[in-house]
Amino acid sequence: MSVADGIDVPLGDRPAAATRLNWSKLLPWGFAGLVFALCLVPFFLVLAISFGRKVEGAAWVWDFTFENYQRFFVGTLWPDEVTFLYIGQLGYSFWYAVIASCIAVLTALPFTLLLTRLRRSAQAAWLVFILSSLSLSEVFIVMGWDILLSNNSGLPALFKSTGLTQWLKDTGHFQTLRDWGLANPRNVKFKTSDFATILTMSYLVWPYAVILLYPALSRMDPSHSEAARTMGANNWQVLRTVILPSVRLPLFGTTLLLFVFLLGTYVAVTVFADPAKHTTAVAIYQNVRGANLNAPFGATMAVILLVSAGICLTLGHMLNRWAAAR
Amino acid sequence: MKLNRRSVLKTGVASVAAAGLATPLIAQARSLKIGSYGGYFENSFKEHVYPAFTEATGIEVESVTQPNSTDWLVTMQQATAAGNVPADLSLYARDTLIKASRIGGLLAPLDLAKIPAASNLDSYFVYEASEGALGVGAMSWFTAMVINPNEVEAPESWAEFWDSSVYEASLGLSRNYNSQFLDIVAATFFEGEATFATDDGIVALVEKAAEIKPNVALWWSAESQMEQSMKNGDIIGGQYYLDVSNLMALDGFPIQAVFPKEGNPQDYGSWCLSSISEKADEAAEFINFSSDPATQALMSRMIGTAPLVDKSMTDLTDDEFAFVSGTPSIKPAYEAYLDKETFIKETWDKMLAGA
């Protein structure tokens with residue numbers, strides 16, 4: 001239901017001022033309704049489903065049971081057997097998201113710093129280029145890296161044709177790669193690996209990192225750095241004592257935002273991560289859709305993922321306030 | 001006229017009502033909406049099977065794209081609750097069909113008296129529940145052992161895939177617990193379907209499957225992942241659909257489907273009628289058409305599926321038959337996968353996670 005449905009006023013009959021007044025009163029309610037319909041209702045639906053009960057061999061029914069939450073922490077066979085499978089998956093969600101967001105921000109920071117020192121027109125050109133790369137969806141990016149890392153047409157082919165594979169075999173380093181799961185008996189391989197997963201996830205959010213850091217870095221007063229230099233500080237000291245403290249807040253905020261964004265990554269993890277290291281997002285999909293129609297357990301995992309992300313954001317906020325107060 | 005949602009709805013309702021009133025006056029073209037798995041599969045149906053059916057019966061077919069069986073069941077479940085389904089007939093694999101039957105209220109019983117040709121099929125392919133026949137077999141497909149013939153010799157047994165000296169980090173297997181790899185393990189190392197009867201049997205199957213993990217480079221969840229990896233040379237063997245493998249081989253890609261001595265798992269799809277469809281008669285005519293040995297042979301030739309009728313009833317040549325079918329066939333332990341769904345899934349996922 002949109003707000004407009006509620007106003008059935010023949011426009012010509014009333015003075016325009018009255019109509020304007022109605023609008024300004026109704027607008028906040030309209031937004032509240034929109035937030036309610038688009039955010040709260042789906043959330044409460046997921047919450048309600050998470051208490052549902054799975055019927056073996058069929059779908060699920062509404063219920064009020066905590067079994068799904070129990071299963072998340074100790075597995076379905078508890079108390080006979082305990083498994084931390086699902087906590088482990090949650091752990092991998094966080095692990096990938098933390099590492100990939102940190103890598104993205106750490107590599108975007110020097111790039112954006114250099115970017116702000118370019119001419120105005122060059123800056124604009126770069127920003128447009130980076131913005132346009134955001135139009136690529138996760139699926140396209142994963143597909144691209146999939147090809148770049150595949151045996152016959154990607155990086156392993158380069159390794160083989162340049163003789164690098166043979167050199168690795170001759171020097172004995174190849175065995176180390178095999179032990180790390182980065183090679184099969186014939187050639188190096190990068191799928192599936194943590195390397196490919198984290199690379200793709202960082203790549204995915206890198207443009208966001210640049211765009212989020214750009215405003216803060218471009219507003220930075222260059223005279224501070226110059227003053228520090230005239231007082232004898234070297235580059236590293238300038239970065240550590242002048243630049244980083246002045247962009248601490250946007251840096252931290254960007255990392256947190258990218259981290260939350262990456263918690264839900266699905267395609268990159270499905271394609272590039274070993275099933276031993278699959279995340280909660282993948283597990284949610286497999287339960288809700290896929291072969292087993294266990295929406296309640298999928299909803300439970302979604303609620304727990306959301307709550308964990310909420311805790312992380314709160315902790316981040318507190319940490320930030322604590323650091324600012326010092 | 002000012003167009004808003006209400007007026008559109010009103011007009012819509014009025015025109016639907018008008019159409020309803022007009023029905024007795026004009027001869028209405030008979031039609032049927034049929035679902036099938038999207039892509040090459042659905043296109044072949046649209047190109048070869050539906051036109052033949054329309055020609056034979058005058059019933060127009062509207063093709064509906066299904067992503068697969070299980071996801072489609074979710075869609076149909078929601079659509080049935082909403083009172084408007086996208087397809088009259090859907091194509092469900094046997095486990096999904098049993099699941100739909102257990103959920104209840106989704107499928108309408110079929111009137112077998114109107115489908116005489118169904119007697120051509122083995123009775124296993126006509127699924128009878130307490131309320132009647134809920135599905136009649138449409139076609140069958142194998143999940144075959146595949147290898148890259150440029151890299152390895154065709155194995156005689158599935159057991160060879162466990163040999164790390166040949167296959168270390170080189171195989172592509174399906175990631176889903178119920179995509180029949182456990183049936184392969186059961187047929188190769190245990191007593192087949194009987195091993196699924198106990199929890200201990202299932203744990204033993206999963207433990208045996210765990211031993212192949214060092215040889216698996218890809219646990220695929222989408223068909224296209226396996227196709228790409230075989231083409232790219234990321235893997236040199238695994239499990240994949242027989243029909244697609246043979247088509248890829250025809251296109252010159254290095255892939256060869258193999259029937260090892262234990263055989264390959266055979267699954268089949270059934271035509272199932274939605275409980276709120278009003279096209280029961282048209283559906284019966286289509287199922288009757290599909291069960292005809294000539295149609296079964298047409299599907300084998302054009303789509304690459306295995307016929308559900310005996311080869312002797314069809315005019316398929318030995319070569320054509322070998323392209324789509326083979327022996328022996330491993331019958332999946334459908335009931336166990338459903339009765340012990342959560343247990344098998346969690347045991348399998350734990351094995352994959354090494355937890």
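Here is how names work: the chains are called A, B, and so on, in the same order as the sequence lines, proteins then strands, and each is numbered from 1. Since the structure is predicted, the reported quantities are computational estimates derived from the model, not experimental observations.
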For [X], is it the side chain, the backbone, both or neither that has a heavy atom under 4.5 Å from a heavy atom of chain A?
| X | answer |
| --- | --- |
| B:Y337 | neither |
| B:I103 | both |
| B:E335 | neither |
| B:D339 | backbone |
| B:S221 | side chain |
| B:K231 | backbone |

When rounded to the nearest 0.5 angstrom, what is the spacing between [atom1] in [X] and [atom2] in [Y]?
| X | Y | atom1 | atom2 | result |
| --- | --- | --- | --- | --- |
| A:N287 | B:D349 | CG | CG | 8.0 Å |
| A:H278 | B:L352 | NE2 | CG | 8.5 Å |
| A:D146 | B:N232 | CG | CG | 7.0 Å |

Using side-chain heavy atoms (C-beta onward) and a distance below 4.5 Å, is [X] in contact with [Y]?
| X | Y | value |
| --- | --- | --- |
| B:S170 | A:R186 | yes |
| B:K345 | A:T76 | no |
| B:K99 | A:L293 | yes |
| B:K350 | A:T83 | yes |

Does anything in [range] reach chain B? List residues with heavy atoms under 4.5 Å apart, or say none.
| range | answer |
| --- | --- |
| residues 152-167 of chain A | A:N152, A:S153 |
| residues 56-74 of chain A | A:E56, A:G57, A:A58, A:A59, A:R71 |
| residues 264-272 of chain A | A:T270, A:V271 |
| residues 136-145 of chain A | none |

Given the options B:Q77, B:R175, B:K213, which has more heavy-atom pairs under 4.5 Å with chain A than any of the others?
B:R175
Determine, stepwise, if the pair A:L77 / B:F343 fulfils side chain to side chain contact (heavy atoms under 4.5 Å, CB included).
CA-CA 8 Å; A:L77 293 178; B:F343 173 70; 3.8 Å; yes
What closest approach, in Å, do B:A169 and A:K189 show between heavy atoms, and which atom pair accounts for it?
CB-CE, 3.6 Å
Which atoms of [X] come close to chain B, meaning under 4.5 Å heavy atom to heavy atom: side chain ones, backbone ones, both, or neither?
| X | result |
| --- | --- |
| A:E81 | side chain |
| A:I147 | neither |
| A:K191 | both |

Using the rule given for side chain to side chain contact (heavy atoms under 4.5 Å, CB included), can you reason through A:V55 versus B:R102, listing the C-alpha separation, both sets of side-chain angles and the distance that settles it, and then say yes or no?
CA-CA 9 Å; A:V55 183; B:R102 290 187 184 183; over 6 Å; no
What I want to check is whether the side chains of A:Y86 and B:E346 have a donor and an acceptor closer together than 3.5 Å.
yes
Are there over 12 heavy-atom neighbours, none belonging to A:Y203, within less than 6.0 Å of that residue's OH?
no
Is there a donor-acceptor pair closer than 3.5 Å between any side-chain N or O of A:N184 and the backbone N or O of B:E168?
no
